[in-house]
Amino acid sequence: MKLPEIPITDDHIHIDPRNGRGIEAAKDFRRSGGTHIFLVTKPSWSFGVEPSSGEDYREVFDATLRVAERVLETGVVVYPVLGVHPAEISRLAGRMRLEEAANVMMAGLDLAATYVREGVAVALKSGRPHYEVPPEVLAASNTVLYHALELGADCGCAVQLHAESGPCTDVVAMAERAGIPIERVVKHFATPDTPLVPSLIARHEGIPALARAGLRFSMESDYMDENARPGAVIGPKSVPRFTRRYLEEGLITEEDAWRVHAETPSRTYGVEISLP
């Protein structure tokens, strides 16, 4: 069966030459039929950075952009997503007051927003811990998350959220208060019941039925690119391979694939995803 020519987009992937396979992983994605990625900042500790101020995140963001430049050389189109991983609050609060930790994270997001305004990044990353935390830590994390939504509204950009499993319905009211359209708030590693824009892990068993039903969502691998955790969460070839399988088996149509890999992420992030 000759498959249609369509873009294949991974909405959340990490490429890490320092701790993982780096550009070889990007080449695997490309060889498997992948065309576009949203390259997401890893936590500061992945770069050996222990931030004490927002400015300390510059090293993290600049390193991410250098990786993006190298990935571009493989023929993959790259959209950088910069921000502060919500789990950082646990590490920061171990060496400073919780309020200070939240302020450092918000200042890091302020810095990330300058990269978006300069046109070198397309979206912000934020969220709240996906694991159980004390109520005061959750409250501080929601303050950081809300700040990210305000920045997204101000920059006119999307915000990717890393958060607990589930719909995260309370974020809808937060987005409304912040002034950011809910169509620009992405739930990374989503469940289909979220009112946010779902980015579904490529192996999610519901993808074919959800695509046929016309749900607007994107696909991701959440590939960590860490030698200590090879293949976590799933490998860089996963989004192209699952998409190819769904098409070959007639589980989705070409129109479905275009909606998942081009129309939805283009609308969400304000970019134009198409074949070269």
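On a predicted model such as this, the values are computed, not experimentally measured, just so you know.
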Just by modelled atom types, is the Arg70 backbone N or O under 3.5 Å from a matching donor or acceptor in the Thr74 side chain? no
Say you draw a straight line from CG of Asn19 to NZ of Lys42; how long is it, rounded to the nearest 0.5 Å? 5.5 Å
Nearest 0.5 Å please: distance from the CG atom of Leu39 over to the CG atom of Leu65. 8.5 Å
Heavy-atom pair with the smallest gap, counting every atom of Arg259 and Gly214: NH2-CA, 3.5 Å
Decide yes or no for Pro129 and Ile89: does some side-chain heavy atom of the first lie under 4.5 Å from some side-chain heavy atom of the second? yes
Do the side chains of Ile207 and Phe217 get nearer than 4.5 Å, heavy atoms only? yes
To the nearest 0.5 Å, what is the distance between OH on Tyr115 and CZ on Arg58? 4.5 Å
So, the side chain of Gln160 versus the backbone of Gly83: is there a donor-acceptor pair under 3.5 Å, distance only? no
Got Glu183 and Arg216 here, is their nearest side-chain heavy-atom distance under 4.5 Å? no
From Thr243, Thr9, Asp11, Asp256, residue fulfilling side chain to side chain donor-acceptor pair (under 3.5 Å) relative to His261: Thr243
Can you list the residues that meet the ring pair (Phe, Tyr, Trp, His ring centres under 6.0 Å) rule with Phe189, with sequence neighbours excluded? none
Between Tyr131 and Ser90, do the side chains contain a donor N or O and an acceptor N or O under 3.5 Å apart? yes
List the atom of Val197, the atom of Thr264, and the distance in Å for their closest heavy-atom pair. CG1-CG2, 4.3 Å
Does the side chain of Leu151 reach to within under 4.5 Å of the side chain of Asp110, using non-hydrogen atoms? yes
Do Val49 and Tyr57 have side-chain heavy atoms sitting under 4.5 Å apart? no
Arg117 CZ: over 12 foreign heavy atoms closer than 6.0 Å: yes
Mind checking whether His147 and Glu150 have side chains closer than 4.5 Å, heavy atoms only? yes
Any heavy-atom pair between the side chains of Cys157 and Leu124 that's under 4.5 Å? yes
With side-chain contact (heavy atoms from CB on, under 4.5 Å) as the criterion, how do Phe29 and Ile37 come out once you've worked through the C-alpha distance, each side chain's angles and the decisive distance to 0.1 Å? CA-CA 9 Å; Phe29 174 77; Ile37 66 171; 3.3 Å; yes
Are the side chain of Thr194 and the backbone of Thr191 linked by a donor-acceptor contact shorter than 3.5 Å? no
Determine whether a donor-acceptor pair (N or O, by modelled atom type, separation under 3.5 Å) exists between the side chain of Ser266 and the backbone of Glu263. no
Let me know which of His14, His85, His12 forms a ring-ring contact (aromatic ring centres under 6.0 Å, His included) with His188. His12
Heavy atoms from other residues, nucleotides or ligands near CD of Glu55 exceed 12 (cutoff 6.0 Å): yes
For the OG atom of Ser32 and the CZ atom of Arg244, what is their distance to the nearest 0.5 Å? 8.5 Å
On a heavy-atom basis, which atom in Val67 and which in Ile23 lie closest, and how many Å separate them? O-CD1, 4.4 Å
Side-chain donor-acceptor contact under 3.5 Å, Asp16 with Tyr223: no
Give the C-alpha distance, both sets of side-chain angles, the deciding distance and a yes or no for side-chain contact (heavy atoms from CB on, under 4.5 Å) between Leu149 and Val171. CA-CA 9 Å; Leu149 295 174; Val171 176; 4.3 Å; yes
According to a 4.5 Å side-chain heavy-atom criterion applied to Ile, Leu, Val, Met, Phe, Trp and Tyr, with indirect links allowed, do Leu161 and Ile182 form part of one hydrophobic cluster? yes
Side-chain donor/acceptor of Asp56 to backbone N/O of Ser53, under 3.5 Å: yes
Take Ser221 and Asp10 through the side-chain hydrogen bond (donor to acceptor under 3.5 Å, both in side chains) test and state the conclusion after the steps. CA-CA 7 Å; Ser221 64; Asp10 191 325; 2.6 Å; yes
Is the cationic atom of Arg177 (NZ for Lys, CZ for Arg) positioned less than 6.0 Å from the six-membered ring centroid of Tyr146 and within 45 degrees of its normal? yes
CD of Glu136 to OG of Ser141, rounded to nearest 0.5 Å, is 10.5 Å
Look up atom CD in Glu249 and atom CG in Leu247, then write down how far apart they are to the nearest 0.5 Å. 10.0 Å
Would you say the side-chain atoms of Ser126 pair up with the backbone N or O of Val84, donor to acceptor, closer than 3.5 Å? no
Considering non-hydrogen atoms only, spot the tightest contact between Ser199 and Val186 and give its length. CB-CG1, 4.0 Å
Heavy-atom distance under 4.5 Å between the side chains of Val233 and Arg203, does that happen here? yes
Is there a donor-acceptor pair under 3.5 Å between the side chain of Asn103 and the backbone N or O of Glu100? no
Go through the structure and list residues passing ring pair (Phe, Tyr, Trp, His ring centres under 6.0 Å) with Phe38, not counting sequence neighbours. Tyr79, Tyr269
Check whether any side-chain N or O of Arg128 sits under 3.5 Å from a backbone N or O of Glu164 as a donor-acceptor pair, and report yes or no. no
Quick one: does Asp225's side chain have a donor or acceptor within less than 3.5 Å of a partner on Gly20's backbone? no
